[in-house]
**Q** 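Pasting in a structure now, in structure tokens, and then I'll have a few things to ask.
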Amino acid sequence: MKGKKIKDSAMENALGKFLEQEQYLVMGFEKDKGDVYHRIFKDNLDNYSLMNPVFATNGALYLRRLFAKGAQIVIVLRPCEVRAYIELVKLTQIERRNIVAVSIDCFGTISSKDKNGDVPSGPDEIKSFFGDPEKGRFACKNCRERRGVVGDAGIRIDESGNFWTFPYTEKGETLLSLMEGDPEEAPQQMLIGENQQVQAFQVDMETFSKDFSKCIMCMNCRDMCPVCYCVDCVFNGDEYLPKGDALFNKIFRTGSTGMPRGKELFHLIRMFHVSQTCVGCGACEEACPQGIPLTKYFKGISERLQGMFSYMSGRSFDESIPYLTFVEDELKDADD
Ligand code: SF4
Ligand code: SF4
Ligand code: SF4
């Protein structure tokens with residue numbers, strides 16, 4: 001495959017050229033006093049970082065309900081973030097026309113809760129930081145796609161440590177044309193390989209209830225999940241989670257109740273809602289103050305369900321989400 005080898009700061013230069021234009025923005029990461037966080041850059045790329053080995057949130061969250069006409073945005077994010085963006089495009093929660101999405105090879109990430117000391121931001125530093133594979137989050141150790149192969153373009157790292165940019169769509173070609181140099185044949189072998197196989201996840205209700213017994217129903221997991229996007233979530237009203245008068249009327253009708261109510265129902269309904277679009281990023285778990293192993297459940301269930309439909313969330317713009325499609329002869333290759 002042909003791509004452009006990224007020499008020195010060619011990527012930053014290309015993004016810088018993009019920012020020179022009126023109403024153009026870049027979303028990526030910023031190094032700030034030993035920390036790296038998401039940032040939307042306007043005018044310049046001060047303190048820009050191509051990579052971030054610490055996971056706090058999934059950046060696709062900030063793109064939801066972005067329909068602006070005129071603004072043009074390049075996002076350079078991890079594969080799980082670009083995959084969530086692609087799912088949101090399919091769910092008509094983001095207008096794709098204004099965005100060029102670039103995924104970058106990901107060595108994995110640690111939880112922002114486990115961050116200790118300065119965050120490495122250069123690729124060599126990050127690679128050696130992840131020399132011990134046990135360091136990564138559960139989501140990363142079981143990641144389906146760590147390669148920058150999704151979106152409009154991808155940044156890949158070859159075995160000699162060279163960075164390459166590959167275009168996957170017309171928009172990706174345009175971005176590539178802003179970069180110096182000519183396209184050349186890239187090595188077949190890249191540092192980060194094919195998808196890892198994820199084991200089918202199964203659990204009994206007793207373990208599920210035990211794991212979720214600590215839940216305080218703060219709903220951070222819902223609010224930080226990039227693909228849990230409903231404005232009118234059913235759990236905001238009184239129907240599922242009555243409060244005040246509605247709660248006390250219910251208690252008078254049905255008897256005493258433990259609080260908070262509806263924990264299992266909340267998680268089962270959320271699991272059902274995101275099961276086909278979950279990208280396994282673990283942002284839900286990262287947001288949970290109670291340390292509940294949410295990724296195991298949400299990613300586990302969704303991998304299994306997506307597998308039944310030979311679907312992978314965020315793999316492609318053209319692959320329709322199974323619940324949005326009617327196929328008469330569906331599930332003929334189901335293996336579950
Ligand atoms: S889930 Fe995958 S893509 Fe996302 S941070 Fe972890 S390894 Fe990277
Ligand atoms: S359910 Fe959790 S793992 Fe799945 S997309 Fe949402 S935040 Fe990521
Ligand atoms: S973030 Fe944790 S405590 Fe809060 S609702 Fe979700 S699982 Fe429960």
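Everything numeric here is computed off the predicted structure, so don't read it as measured data. Atoms within a ligand are numbered from 1 in the order they appear, just like the ligands themselves. Computed from heavy atoms alone, side chains included, the values below leave out hydrogens, waters and symmetry copies.
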**Q** Just need the protein heavy atom nearest to atom 7 (S) of ligand 3, so name the residue and atom and give the distance.
**A** His267 CE1, 3.3 Å
**Q** Looking at Ser302, Cys284, Cys225, Pro226, which one forms a side chain to side chain contact (heavy atoms under 4.5 Å, CB included) with Cys278?
**A** Ser302
**Q** Does Arg156 qualify as a cation-pi partner of Phe163, given the criterion of NZ or CZ under 6.0 Å from the six-membered ring centre and within 45 degrees of its axis?
**A** no
**Q** Tell me: protein heavy atom nearest atom 1 (S) of ligand 2, and distance?
**A** Arg270 NH2, 3.5 Å
**Q** Please list all pairs meeting side chain to side chain donor-acceptor pair (under 3.5 Å) that have one or both residues in residues 180-190, counting only residues at least two apart or in different chains.
**A** Asn13-Glu180
**Q** Hey, is Leu294 one of the residues with a heavy atom under 4.0 angstrom from ligand 2?
**A** no
**Q** Would you list the protein N, O or S atoms within less than 2.8 Å of atom 4 (Fe) of ligand 3, leaving out water?
**A** Cys218 SG
**Q** Dump the intermediate steps for side-chain hydrogen bond (donor to acceptor under 3.5 Å, both in side chains) on Glu87 and Ser313, then the final yes or no.
**A** CA-CA 7 Å; Glu87 289 304 285; Ser313 55; 5.3 Å; no
**Q** Which other residues end up in the same hydrophobic cluster as Leu247, if Ile, Leu, Val, Met, Phe, Trp and Tyr are linked when side-chain heavy atoms come under 4.5 Å apart?
**A** Phe248, Ile251, Met259
**Q** Looking at Cys278, which atoms of ligand 2 are within less than 4.0 Å of one of its heavy atoms?
**A** 1 (S), 3 (S), 4 (Fe), 5 (S)
**Q** Arg222 near ligand 3, heavy-atom distance under 4.0 Å?
**A** no
**Q** Do any of the N/O/S atoms of Cys225, backbone or side chain, fall under 2.8 Å from atom 6 (Fe) of ligand 2?
**A** yes
**Q** Cation-pi between Arg39 and Phe29: NZ/CZ under 6.0 Å from ring centre and within 45° of the ring axis?
**A** no
**Q** Would you say Glu81's side chain and Asn58's backbone share a donor-acceptor pair under 3.5 angstrom?
**A** no
**Q** Would you say Gly282 touches ligand 2, if touching means a heavy atom closer than 4.0 Å?
**A** yes
**Q** Using a distance threshold of 2.8 Å, what protein N/O/S atoms lie below it relative to atom 8 (Fe) of ligand 1?
**A** Cys106 SG
